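Side chains are part of it too, since the values below use all heavy atoms of this structure and drop only hydrogens, waters and symmetry mates. Predicted, not measured: the structure shown is a model, and the values here were computed from it. All chains are named by letter (A, B, ...) in the order of the sequence lines, taking the proteins before the strands, and each is independently numbered beginning at 1.
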Amino acid sequence: MSTFATKLIHWQKLHGRNSLPWQNTRDPYAIWVSEIMLQQTQVATVVPYYLRFLHRFPDIESVASGSEDEVLALWSGLGYYSRGRNLHRAARLIAREQGGIFPRGLEIIQQLPGIGRSTAAAIAVFAYGEQCAILDGNVKRVFARCFGMDGYPGERKNEMLLWRKAEELLPEKNEQDQIGIYTQALMDLGATICTRAKPQCMTCPLRQECIALRDDHVNRLPAPRPRRLLPEKETVLLMLMRQGKVLLEKRPATGIWGGLWCLPEMPLSEDTLAYCTRHFGMNVEPLAHMPPLDHTFTHFRLRIHPQPLQVISYPAALKVQGQDETMWITPDDALKAAIPAPVRKLLMQYGYPQSGQSIEKQL
DNA sequence: AAAGCGGGGGG
DNA sequence: CCCCCAGCTTT
């Protein structure tokens with residue numbers, strides 16, 4: 001009778017993933033970048049962003065000497081931009097205070113901005129072989145099913161319980177050199193077998209001990225997060241065109257699309273032409289109408305009304321109230337900048353009506 | 001159309 | 001502390 005860890009290690013060697021771009025390295029920097037990108041984001045999405053990021057920023061020193069704007073530009077489309085800002089902050093911190101050497105040790109790693117307990121553990125395991133437990137969304141799902149945990153795994157007491165289990169189940173002394181394989185096995189099992197929908201229980205290495213499978217509760221576990229209904233909001237995004245260029249504003253560092261370049265936002269209640277006169281001192285006239293674009297966040301739904309406008313006249317010194325940074329940029333260049341996904345979509349629709357262009361083609 | 005995913009920050 | 005926030009993909 002082999003243990004939990006032994007089964008997973010054996011399964012990983014036969015069926016796990018072993019050639020992802022961030023595997024087969026012990027470079028803590030490369031592992032760090034991958035783990036940050038993999039927060040909230042699936043492998044297939046991350047791969048092209050990761051390759052591009054490491055090509056431009058091959059080490060901590062290069063990130064630290066690059067601008068936040070450039071980091072965010074490479075992050076554009078990946079979402080959760082505070083991850084990019086924190087990565088940049090942390091790189092500068094490490095460059096300045098640690099001579100560019102990524103720290104060792106779970107607790108130290110966890111003190112870096114953007115790195116919590118699970119991410120720190122993953123880095124400590126993959127880069128240094130430390131005996132640490134991870135607990136990401138995949139692992140929570142695997143555990144909730146395997147142990148038949150009824151409650152919502154995000155609830156405090158359940159999460160504490162899961163962390164305790166995660167630590168108990170770490171490999172025994174004789175297999176501690178396999179901690180990386182074991183950790184990868186947990187991730188891969190959640191990603192390829194113990195999936196949210198249609199899990200492949202028949203080929204699962206844990207099928208003999210899985211409580212959810214035994215009790216036919218696999219599709220009920222893990223318990224879903226308690227929901228509250230989404231508020232809906234509407235806003236206007238102005239597409240001010242002048243000499244083939246569009247006006248972008250840099251958003252404040254915090255809040256929605258923090259630090260990204262965005263089309264100027266205007267309340268739906270205002271009159272467009274009056275707003276442009278008052279806010280920018282511009283004379284404008286409407287261009288071809290564009291249909292509204294719906295964008296969903298976790299906590300609200302946003303209906304965006306794009307408003308393309310031709311600038312007829314504008315003041316010599318464009319000074320926008322409460323906005324320290326604005327720029328005129330061609331839509332082509334804007335697509336290479338740090339812009340949120342809906343703005344990217346609008347600019348692409350504007351530049352290439354009809355055809356949709358996927359992120360992979362641009363990368 | 002709805003659900004899921006780690007960590008930071010504010011109340 | 002606990003609760004809210006963030007943006008994209010998958011189902």
Side-chain angles (χ1 to χ4, degrees), chain A residues 32-50 72 75-90 106 109-123 132-145 152-160 162-163 166 186-187 190-192 194-199 219-233 251-260 262 293-304 338-346 356 358-360:
Chain A
W32 172 36
V33 173
S34 75
E35 290 301 330
I36 298 299
M37 288 189 170
L38 287 164
Q39 290 170 359
Q40 321 295 80
T41 313
Q42 299 206 344
V43 166
T45 307
V46 165
V47 167
Y49 287 89
Y50 175 84
L72 290 178
W75 216 271
S76 174
L78 205 47
Y80 285 97
Y81 300 98
S82 63
R83 294 182 297 172
R85 280 199 306 277
N86 282 331
L87 183 79
H88 183 247
R89 261 177 67 204
L106 180 67
I109 296 172
Q110 199 179 332
Q111 286 168 15
L112 291 166
I115 301 185
R117 182 171 173 185
S118 190
T119 301
I123 298 170
C132 305
I134 60 162
L135 187 64
D136 63 13
N138 280 336
V139 180
K140 282 179 184 167
R141 185 171 56 249
V142 172
F143 283 5
R145 285 175 174 160
Y152 168 57
E155 199 178 317
R156 179 171 176 73
K157 69 170 198 292
N158 293 328
E159 189 157 5
M160 303 273 290
L162 290 173
W163 271 114
L186 277 176
M187 296 173 164
T192 64
C194 196
T195 47
R196 183 151 65 97
K198 300 183 186 171
N219 43 18
R220 281 202 279 276
L221 296 181
R225 157 202 287 265
R227 285 280 152 193
R228 40 180 176 284
L229 25 35
L230 300 184
E232 307 203 356
K233 304 183 186 180
R251 310 261 316 183
T254 57
I256 182 177
W257 300 326
L260 298 194
C262 189
L293 175 68
D294 288 325
H295 189 73
T296 309
F297 296 94
T298 307
H299 54 300
F300 66 93
R301 182 170 304 136
L302 185 64
R303 168 157 286 190
I304 297 168
I339 59 175
V343 171
R344 175 176 303 278
K345 202 178 273 184
L346 291 176
S358 71
I359 181 78
E360 282 77 15

Applying the Watson-Crick and G-U criteria (both distances under 3.5 angstrom) with [ ] for crossing and | for other-strand pairs, one obtains for DNA chain B |||||.|||||
[X] [atom1] to [N] [atom2], straight-line distance once rounded to whole Å:
X: A/R156; N: B/dG7; atom1: CZ; atom2: C1'; result: 15 Å
X: A/Q39; N: C/dC5; atom1: CD; atom2: C1'; result: 15 Å
X: A/N138; N: C/dT9; atom1: CG; atom2: C1'; result: 14 Å
X: A/R196; N: B/dA2; atom1: CZ; atom2: P; result: 14 Å
X: A/Q111; N: B/dG7; atom1: CD; atom2: C1'; result: 15 Å
X: A/L38; N: B/dC5; atom1: CG; atom2: P; result: 14 Å
X: A/E155; N: C/dC3; atom1: CD; atom2: P; result: 9 Å
X: A/Y152; N: B/dA3; atom1: OH; atom2: P; result: 12 Å

For [X], what residues pass the side-chain hydrogen bond (donor to acceptor under 3.5 Å, both in side chains) criterion, not counting sequence neighbours?
X: A/R196; value: none
X: A/K157; value: A/E155
X: A/D136; value: none

Main chain of [Y], side chain of [X]: is a donor-acceptor contact present, judged purely on distance under 3.5 Å?
X: A/R141; Y: A/C194; value: yes
X: A/N158; Y: A/Y152; value: yes
X: A/S76; Y: A/I339; value: yes

Among A/N86, A/I109, A/L87, side-chain contact (heavy atoms from CB on, under 4.5 Å) partner for A/I115: A/I109
Does a side-chain N or O of A/R141 approach OP1 or OP2 of B/dC5 to a distance below 4.0 Å, or not? yes
Return the minimal non-hydrogen interatomic distance between A/L293 and A/K345, and the atom names on each side. CD1-CD, 3.6 Å
For residues A/Y81 and A/A341, report the shortest heavy-atom separation together with the two atoms involved. OH-N, 4.1 Å
Can you tell me which nucleotide in [options] comes closest to the side chain of [X]?
X: A/T45; options: C/dT9, B/dG4, B/dC5; result: C/dT9
X: A/Y81; options: B/dG6, C/dC8, B/dG4; result: C/dC8
X: A/P342; options: B/dG6, C/dC8, C/dT11; result: C/dC8
X: A/A197; options: B/dG4, C/dT11, B/dG7; result: C/dT11

By the 4.0 Å heavy-atom rule, please label A/R83 as base, sugar-phosphate, or nothing. nothing
Pick base, sugar-phosphate or nothing for A/T41, based on heavy-atom distances below 4.0 Å to the nucleic acid. nothing
N/O contacts under 3.5 Å, protein versus nucleotides 8-11 of chain B?
unit_1: B/dG8; atom_1: OP1; unit_2: A/G114; atom_2: N; d: 2.6
unit_1: B/dG8; atom_1: OP1; unit_2: A/I115; atom_2: N; d: 3.2

Give the table of side-chain donor-acceptor pairs shorter than 3.5 Å for residues 34-41 of chain A, with sequence neighbours excluded, one pair per line with atom names and distance.
unit_1: A/S34; atom_1: OG; unit_2: A/I31; atom_2: O; d: 2.7
unit_1: A/Q39; atom_1: NE2; unit_2: A/G114; atom_2: O; d: 3.3
unit_1: A/Q39; atom_1: NE2; unit_2: A/T119; atom_2: OG1; d: 2.9
unit_1: A/T41; atom_1: OG1; unit_2: A/M37; atom_2: O; d: 3.4
unit_1: A/T41; atom_1: OG1; unit_2: A/Q39; atom_2: O; d: 3.0
unit_1: A/T41; atom_1: OG1; unit_2: A/R83; atom_2: NH1; d: 3.1
unit_1: A/T41; atom_1: OG1; unit_2: A/R83; atom_2: NH2; d: 3.4

Whole-Å P distance, C/dT9 and B/dG8: 23 Å
